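Lettering of chains follows the sequences in order, A, B, ..., and the numbering in each one begins at 1. Keep in mind that what you see is a predicted model, and the values were worked out from it rather than measured.
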Amino acid sequence: MTVVTRFAPSPTGYLHIGGARTALFSWLYARAKGGKFLLRIEDTDKERSTQAAIDAIQDGLNWLGLGGDEPPVLQSTRADRHAEVAHALVKRGAAYHCPVPAEDLQARRDEAEALQKKKSAEGSLSAGEQARMEDLLKPFRSPWRDPARPLPEGAPTVVRLRMPDTGELTVSDNVQGTVSRSYADLDELILLRSDGTPTYMLAVVVDDHDMGVTHVIRGDDHFLNTFRQLPIYIGMGWPRPDYAHVPLIHGPDGKKLSKRHGATAVDEYRDILGYLPEAMRNYLLRLGWSHGDDEIIPDEKAIEWFDLTGLNKAPARLDFAKLDSVNKHYMALADDQRLFDLWVARPEAKALPDAIKTRIRDAMPHLKTRAANLVQLSEQARFLTDLKPIQLTGKAADQVNEEARGRLAALLPHLEGLPEWSEPAIKEELAQFCARIGIGLGKIGPVLRAVLTGGAPAPDISLVLVLLGRNEAFARIREYAR
RNA sequence: GGUCCCUUCGUCUAUCGGUUAGGACAUCUGGUUUUCAACCAGGAAAGAGGGGUUCGACUCCCCUAGGGACUGCCA
């Protein structure tokens, strides 16, 4: 049997980092088993779905390299098929028409909530109220689940799924294990609204079945939904898919990840925080899944090793320090031109003069090994991007005293006279200069660094001179030499 | 309120009844050094609490505490 997995976001916003992780797991599993990974846009809620959100989600997935193997299925285009299944379910006795209006249902919930509030405010309820509350809190059972009960003439109805009166349902989930729930605890959910449109619960099942999905990998906020959806498979006589409900990602404080923790949208990780997609994949994979002591897991290995059984049940917290360290690893490996293109598109780089951009391009092999992300790369590149006159900060300013300025003045002609402007040549010249006037490198290095970089982080001083180029380097030294 | 799930260093995790409880990131100390980083050496750091079962429990069972999910004519 060919494995078919899917990612099925609802297009109401951006691609969430947690969603990206479940997409990654689905994608990996399909790749690991030589199967297919499909995309489905769950846009049945027309009020909240937007084309912009669809584009944003696809953009995020493509960036992460998690595109589907076929064009995405738009759930909204399949409403007729969903309704067809709902009616088939009614015919088979697995569902029924129910005329109870939405307002009645809402009134039930409101009353239950009021009673709960009263209880927590007053500590207890009268026996009658308590019984009423418990009754209201039980799953709703419509009087019309009795097939003998006649429907009121002309009243609009919804189609409800019928749950058996007794017994229980058992799910063997690849992550959650084997869990049972009794049918009595399950509500009889609505399949078709009174306007004839399908609900999410119905649409998911029908689409998964029709798309041939064999393994449903999704967030564990859907775990209990599995018990509500399975009776649809049973009612239609369809084979059940395998399930894997993966835990949600939490923020550093252990609470469900939200805006206040910082970045929740994957495009922020790309555009603002400056991470690489391959690093995101590696980090997200290790968040809740492991393979012995392996930390750096390139895609080939991930595909070779990934299996649903290694997934943890407990939610994992996002740790930016670790993400940085993984990203740093992949930055060092990344192609120079690629990194330059990514960097130059950033807001802090866009407006820079071409001469400086070229300087960065040339310095990329040295810059990329020193930064954990593109933000840090910009920081590490400051000694190349800052314009004259270089502002001296902190300790750098302290280095530039009269004596040191004199040494710079003495050194400058020797540098200017160098026939070859290369790292070894400069290193050699600096050593000779120090030997001639009887000082250690420590007497000239710090001040040279100070006037060249202003105190910004930078590589080896000889390399700094090379990367700056003759003219810029001499100009910066002249500012302070005397 | 009900049903279900989770809990090993600060964080991500290994362990699948017998280990000095391992690794990674972060952190600390020392080394190297012209800054930062890198690098090298080393350190500190964990089984939520309480009961069982067992010759033996992080591992199995129960209770408690804490966290989470669901309980919509939303998805």
For B/G22 versus B/U59, give the span between their C1' atoms, rounded off to a whole number of Å.
16 Å
Using the P atom as the point on both nucleotides, what is the distance between B/G2 and B/C58, in whole Å?
32 Å
Tell me whether the centres of the aromatic rings in A/Phe306 and A/Phe25 are closer together than 6.0 Å.
yes
Would you compute the distance between atom CD of A/Glu42 and atom OG1 of A/Thr44 and round it to the nearest 0.5 angstrom?
7.0 Å
How does protein contact run along nucleotides 30-37 of chain B, one letter per nucleotide 5' to 3', with B for base contact, S for sugar-phosphate only, - for none, heavy atoms under 4.0 Å?
----BBBB
Given that both distances must come in under 3.5 Å, which nucleotide forms a Watson-Crick or G-U wobble pair with B/A65?
B/U7
Qualifying residues under ring-ring contact (aromatic ring centres under 6.0 Å, His included), relative to A/His87, sequence neighbours excluded:
none
Sequence neighbours excluded, which residues qualify as ring-ring contact (aromatic ring centres under 6.0 Å, His included) partners of A/Phe474?
A/Trp421
Side chain A/Ser194 and base B/C73 donor-acceptor under 3.5 Å
yes
Classify A/Glu42 by what it touches in the nucleic acid, base, sugar-phosphate, or nothing, heavy-atom distance under 4.0 Å.
sugar-phosphate
Between protein and nucleotides 3-14 of chain B, map the contacts as a letter string: B base, S sugar-phosphate only, - none, heavy atoms under 4.0 Å, written 5' to 3'.
SSSSS---SBSS
Does any nucleotide pair with B/U53 by Watson-Crick or G-U wobble geometry, both distances under 3.5 Å, and what is it?
none
Does a nitrogen or oxygen in the side chain of A/Thr44 sit under 4.0 Å from OP1 or OP2 of B/A75?
yes
Which residues pass the ring-ring contact (aromatic ring centres under 6.0 Å, His included) test with A/Phe223, not counting sequence neighbours?
A/Phe227, A/His245
For B/C39, give the paired nucleotide (Watson-Crick: N1-N3 plus N6-O4 or O6-N4; G-U: N1-O2 and O6-N3; both under 3.5 Å), or none.
B/G31
Can a side chain N or O of A/Arg108 be found less than 4.0 Å away from OP1 or OP2 on B/C73?
no
Is the number of heavy atoms from other residues, nucleotides or ligands within 6.0 Å of CD (A/Gln51) greater than 12?
yes
Between A/Trp144 and A/Tyr96, ring centroids under 6.0 Å:
no
Stepwise, does the side chain to side chain contact (heavy atoms under 4.5 Å, CB included) test hold for A/Leu38 with A/Thr5?
CA-CA 6 Å; A/Leu38 305 179; A/Thr5 63; over 6 Å; no
Between A/Pro9 and A/Lys138, the residue closer to the 5' end of RNA chain B by nearest nucleotide is A/Lys138
Taking ring-ring contact (aromatic ring centres under 6.0 Å, His included) as the test, write out the residues that go with A/Tyr200, two or more places apart.
A/His222
Quickly work out the A/Tyr183 OH to B/U71 P distance and round it to whole Å.
19 Å
If you pin A/Gln130 and A/Arg228 to their nearest nucleotides in RNA chain B, which one's is more 5'?
A/Gln130
